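Everything numeric in this text was worked out from a predicted model, so none of it was measured. The residues of the chain are indexed from 1 along the displayed sequence.
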Amino acid sequence: MRQLVRGALPRRRTTGRRTAGILLAAAALVATAVPVSSAMAEPGATAAGGHGTPPYLNPQVPTARRVADLLGRMTTAEKIGQMTQAERGSVDADPAKITDLQLGSLLSGGGSTPASNTPKAWADMVDGYQSRALATRLRIPLLYGVDSVHGHGNLVGATVFPHNIGLGATRDPRLVAEVEHVTATETRATGPQWVFAPCVCVARDDRWGRTYESFGEDPALVQRMETAIDGFQGTRAEDLARPDRVLATVKHYAGDGDTTYGTSTTNTYTLDQGVTRTSHQRFAAVDLAPYVTAVQVHHAGSVMPSYSSVQWTDVPGSTPVKMSASKELLTDVLKQKIGFDGFLISDWDAVTQLPGDFAAQVRTSVNAGMDMFMQPYDAPQFEQALAAEVQAGRVPMTRIDDAVSRILRAKFQLGLFEHPYTDRTHLADVGSAAHRGVARRAVAASQVLLKNDHHALPLKPSQRIYVAGVNADDLGNQAGGWTVTWQGQSGNTAFPGTTILQGIRHAAQDVTYSADASAPTTGHDVGIVVVGETPYAEGVGDVGNGGHTLNLSAADRANIDRVCSAIKTCLVLDVAGRPQIITDQLPKADAFVMSWLPGSEGDGVADVLFGKRPFTGKLPVTWPRSEAQEPINIGDASYDPLFRYGYGLTTGH
């Protein structure tokens with residue numbers, strides 16, 4: 001999901017799906033879920049409690065009955081409103097649209113914030129929108145979503161954690177749950193009750209611009225890290241109503257990390273939103289497996305289908321079908337076989353990538369099983385189109401009722417009918433020292449030591465240290481995409497935090513910094529060169545798009561040459577969202593550390609460099625010798641990487 005408005009996207013006509021006779025291996029293990037709409041047949045949907053309170057407004061009434069009672073009172077227009085999500089920018093100038101359109105949800109895309117981007121301003125903004133939703137006839141509260149993919153990233157001052165690839169390197173599910181609990185606390189304290197996270201994709205090609213959003217290339221590792229869902233939602237149904245929990249969204253169902261290079265038809269992307277060409281058996285083992293765990297073990301409340309398509313290699317004549325149009329995968333597999341009883345939220349304007357005119361796109365996706373539609377700037381048109389399809393009988397009312405029941409259930413579980421406005425109990429905790437302490441521990445645990453010749457590490461505080469490289473002192477580069485804005489931005493002014501250079505200076509007594517290694521190197525005991533990427537998000541960062549590559553920049557290579565040839569002990573740190581090609585530079589360094597995208601707490605990097613914490617991180621992806629080796633993954637028949645999946649040296653304190 002993103003915030004920027006898309007231009008016209010290239011489209012591809014696809015033929016009708018043929019449901020394969022092969023049962024997906026992962027899905028075959030589970031029973032069919034009981035339809036949510038079965039609760040609608042329950043008798044006695046009359047006033048409960050005293051004074052004529054309708055059952056849906058009575059918290060003592062079971063959720064299933066509350067849903068059925070409210071659904072029975074709703075008009076078709078009110079139901080369609082619940083299925084509609086708009087971007088806050090489309091209603092901010094005229095909040096009455098929330099009431100008029102009877103919107104069920106709003107979101108903030110990347111960089112979409114109140115004018116004063118503070119915790120209080122966020123809470124005030126969301127509460128203002130909520131008041132408009134509560135002005136509708138049935139007073140159904142608004143559900144507000146935001147991309148808290150590594151902390152509450154849109155909010156200046158929030159704790160910014162390592163991206164998922166770094167968390168995957170920690171191999172610590174308990175720490176991951178703690179990270180997301182902090183994220184949930186900071187997010188809900190400022191208004192949003194729903195996050196579009198975690199991404200449980202399995203990144204099988206590091207050229208993908210979203211590689212850093214994945215916990216790793218092995219589905220088993222991704223499944224282990226799905227404690228992130230527990231961190232967001234808690235482990236009991238009643239936890240969702242707490243002021244430190246949010247509804248989670250597992251994304252992007254399914255196969256978005258497994259697309260074939262060159263198959264994307266979106267803008268100039270090469271991998272993102274492309275086609276996953278696979279058999280049913282492989283799809284179940286690699287791409288679907290994390291969703292089985294997310295639903296059956298962690299009870300994820302919502303799922304976001306991918307922009308990507310699937311083309312079956314074991315079905316003759318199969319053509320690519322967008323996930324948003326796949327009844328086989330959305331309804332037959334996810335909802336029925338796996339047993340998902342939450343609701344599906346489409347990605348940003350995803351329905352417009354389907355074949356046909358807008359009415360056909362809406363009809364296809366609703367009938368495939370999509371429940372809520374992220375229509376950032378055309379919510380009125382969406383509501384009109386869906387209403388016409390229902391009126392014409394092309395979308396059955398049973399499908400509408402199922403979708404709305406799923407959405408209402410989440411709102412009841414979140415306690416929004418009892419407490420629609422922001423509980424600001426934890427507002428002062430946003431960006432607190434305690435929360436940043438959790439991030440600092442996560443940063444330290446994520447660092448992967450790939451080389452350590454001559455006992456170069458750990459460093460001593462008394463050593464005279466020379467630091468080079470722009471990424472040593474750039475918070476924006478250190479945090480990557482999805483930080484304050486969708487694409488992120490270089491520089492040190494966008495949000496508070498500690499750079500890696502500052503962390504080194506906090507740990508050592510004598511530190512010289514030269515971004516381009518032009519300062520004299522004589523008299524120093526240790527050289528540290530910090531290399532890496534600049535921020536990007538989604539397909540914008542695909543290799544082959546806009547000059548993106550896995551290769552180190554010329555400036556980074558030059559800095560390594562200058563420093564490592566002049567100073568006896570030389571370390572290289574890589575600040576990037578994916579492995580970079582270092583085959584020729586590696587022999588020049590005594591030690592090499594993969595720092596990933598650590599976020600706002602550069603002190604965590606210094607903690608392991610100076611031995612305050614040990615190096616324990618392990619590679620969550622395979623490290624290629626060259627860009628031409630991609631895709632390369634553990635288990636490949638021919639596997640000759642520079643560093644194997646799971647590699648990582650350890651040190652003591």
Side-chain angles (χ1 to χ4, degrees), residues 1-12 109-110 147 149-150 163-165 199 201-217 251-252 254-278 286-287 304-311 320 322-323 347-350 353 477 479-483 485-490 532-553 574-581 596-597 620-624 626-633:
M1 198 279 300
R2 80 273 305 134
Q3 191 227 335
L4 301 182
V5 181
R6 294 186 182 279
L9 298 175
R11 298 186 186 177
R12 166 173 73 240
D147 286 283
V149 298
H150 67 140
H163 274 290
N164 282 354
I165 196 167
C199 183
C201 56
V202 182
R204 304 291 288 181
D205 191 327
D206 295 337
R207 294 173 293 182
W208 187 35
R210 307 192 80 148
T211 297
Y212 63 77
E213 294 189 54
S214 171
F215 291 115
E217 71 183 37
K251 63 183 189 183
H252 304 88
D256 59 329
D258 198 19
T259 57
T260 300
Y261 190 87
T263 59
S264 180
T265 58
T266 299
N267 300 328
T268 53
Y269 298 177
T270 57
L271 272 162
D272 194 36
Q273 306 185 28
V275 180
T276 303
R277 293 171 175 160
T278 186
V286 174
D287 304 304
M304 181 181 290
S306 176
Y307 284 115
S308 60
S309 306
V310 171
Q311 182 176 13
K322 285 281 186 182
M323 195 61 58
D347 211 329
W348 181 282
D349 210 22
Q353 294 193 10
N477 291 356
W482 296 110
T483 312
T485 64
W486 172 36
Q487 290 293 315
Q489 56 189 319
S490 299
E533 297 182 309
T534 54
Y536 56 80
E538 301 193 41
V540 174
D542 283 355
V543 165
N545 181 33
H548 285 282
T549 173
L550 297 184
N551 295 313
L552 293 177
S553 69
D574 195 2
V575 176
R578 53 194 168 190
Q580 295 190 280
I581 306 307
W596 310 110
L597 297 172
V621 292
T622 298
W623 199 292
S626 67
E627 195 173 281
Q629 274 194 312
E630 288 292 343
I632 181 171
N633 296 285

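Between atom CG of residue Asn164 and atom SG of residue Cys201 there is a gap of 8.0 Å, rounded to the nearest 0.5 Å. In this structure, His150 NE2 and Thr483 OG1 are separated by 3.0 Å, a value rounded to the nearest 0.5 Å. Atom OG1 of Thr211 is separated from atom CZ of Arg204 by 12.0 Å, given to the nearest 0.5 angstrom. Atom CD of residue Gln629 and atom CG of residue Leu550 lie 11.0 Å apart, to the nearest 0.5 angstrom. Atom CG of Asp287 is separated from atom CG of Asp256 by 8.5 Å, given to the nearest 0.5 angstrom. Residue Thr260 holds its OG1 atom at 8.0 Å from CG of Leu271, rounded to the nearest 0.5 Å.
Minimum interatomic distance between Met323 and Val310 (heavy atoms only, all atoms of both residues): CE-CG2, 3.5 Å. Gly532 and Ala576 make their closest contact through CA-CB, 4.5 Å (heavy atoms, listed as atom of the first residue, atom of the second, distance). Closest of all the heavy-atom pairs between Gly488 and Pro535 is C-CB, 3.9 Å. Contact record, Ser308 with Ala254: OG-O, 4.3 Å, taken as the closest heavy-atom pair. The two residues Pro620 and Trp596 make their nearest non-hydrogen contact at CD-CZ2, 3.5 Å. For Pro579 against Val621, the heavy-atom pair with the smallest separation is CG-CG2, 3.6 Å.
The backbone N or O of Glu630 lies less than 3.5 Å from a partner atom in the side chain of Arg207, making a donor-acceptor pair. Side-chain atoms of Asp347 never come within 3.5 Å of backbone atoms of Tyr307 as a donor-acceptor pair (strictly under, hydrogens ignored). Side chain of Glu627 to backbone of Ile581: no donor-acceptor contact under 3.5 angstrom is found. Within the 3.5 Å criterion, the main-chain N or O of Gly481 finds a donor-acceptor partner in the side chain of His163. Between the side chain of Arg210 and the backbone N or O of Ala537 there is no donor-acceptor pair closer than 3.5 Å. At least one donor-acceptor pair closer than 3.5 Å links the side chain of Trp623 to the backbone N or O of Gln580. Thr270 places a side-chain N or O within donor-acceptor distance of the main-chain N or O of Val543, the cut-off being under 3.5 Å. Although no hydrogens or angles enter the test, the distance criterion places no donor-acceptor pair under 3.5 Å between the side chain of Asn477 and the main chain of Thr534.
Using modelled atom types, one finds no donor on one side chain facing an acceptor on the other under 3.5 Å when comparing Asn633 with Thr622. Side-chain atoms of Asp272 and Ser264 form no donor-acceptor pair, as typed in the model, at a separation below 3.5 Å.
Two residues are said to be in side-chain contact when any heavy atoms from C-beta on lie closer than 4.5 Å; Trp208 and Asp542 meet this criterion. The side-chain heavy atoms of Val275 and Thr259, taken from C-beta on, include no pair separated by under 4.5 Å. Using a 4.5 Å heavy-atom cutoff, the side chains of Gln353 and Gln273 are in contact. A 4.5 Å side-chain heavy-atom check between Glu213 and Lys251 finds at least one atom pair inside the cut-off. With a 4.5 Å cut-off on side-chain heavy atoms, Val540 and Tyr269 count as touching. Contact check for Cys199 versus Ser214: no side-chain heavy atoms found under the 4.5 Å cut-off.
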